[in-house]
Amino acid sequence: MKRLYAGGIFISFLCLSQETKPEIKASFFDGIAVAGYAYHGAFVNFTGPNISFKKKDLKVMVGMLPSLRIKEDRSEGTRNSPVMPTLGAGATIVYKKLALQVPVYYNAKTSSANGAWKAGIGLGYCFR
């Protein structure tokens with residue numbers, strides 16, 4: 001009987017010491033700031049509404065990216081501002097406090113180019 005009792009205590013200890021289960025959740029803001037490069041310019045964003053999967057120190061997010069794009073307009077005549085607010089979409093991977101992001105931004109058509117989605121890459125920091 002003692003052996004069965006000791007085995008039950010051991011199994012209970014294993015159940016309590018297991019890692020937390022992965023969780024999937026939706027959120028509006030995660031406290032992550034990212035800067036990077038996309039289509040001949042830079043961007044700065046703070047992750048917006050997203051769906052995330054988290055397990056231990058790793059978090060994978062897919063969502064919207066409210067951003068400031070920084071790109072010099074070299075066209076002749078009238079020009080756009082070098083800093084423009086824009087909305088992107090993409091994936092962000094966070095390990096501990098370091099974030100790696102792959103955003104995509106839509107570039108509207110111009111007189112010389114068709115509209116197209118352009119991908120970028122960025123590094124950031126998680127403040128939470």
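Residues: numbered from 1 along the sequence shown.
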For a quick test of reading the model, state the closest non-hydrogen atom pair linking [X] to [Y] and the distance between them.
X: K71; Y: H40; answer: CG-O, 3.7 Å
X: P85; Y: L68; answer: CA-CD2, 4.0 Å
X: D30; Y: C126; answer: O-SG, 4.2 Å
X: G90; Y: L65; answer: N-CD1, 3.9 Å
X: G115; Y: Y106; answer: CA-OH, 3.4 Å
X: L87; Y: P66; answer: CD1-N, 3.7 Å

Are there over 12 heavy-atom neighbours, none belonging to [X], within less than 6.0 Å of that residue's [atom1]?
X: Y95; atom1: OH; answer: no
X: D57; atom1: CG; answer: yes
X: I51; atom1: CD1; answer: no
X: K54; atom1: NZ; answer: no

What is the distance from atom [atom1] of [X] to atom [atom2] of [Y], rounded to the nearest 0.5 Å?
X: K55; Y: E23; atom1: NZ; atom2: CD; value: 12.0 Å
X: F43; Y: I70; atom1: CZ; atom2: CD1; value: 10.0 Å
X: R128; Y: K59; atom1: CZ; atom2: NZ; value: 7.0 Å
X: L98; Y: I93; atom1: CG; atom2: CD1; value: 10.5 Å

(request) Verify side chain to side chain contact (heavy atoms under 4.5 Å, CB included) between I32 and Q101, making sure each step is shown before the conclusion. (result) CA-CA 10 Å; I32 300 170; Q101 187 177 81; 5.8 Å; no

(message) side chain to side chain contact (heavy atoms under 4.5 Å, CB included), that's the test. Do L100 and L123 meet it? Break it down for me.
(response) CA-CA 5 Å; L100 175 65; L123 285 174; 3.9 Å; yes

(request) Determine whether the side chains of Y105 and T86 contain a donor N or O and an acceptor N or O closer than 3.5 Å. (result) no

(message) When you group the ILVMFWY residues by side-chain heavy-atom contacts below 4.5 Å and let the links chain together, are M61 and V34 in the same group?
(response) yes

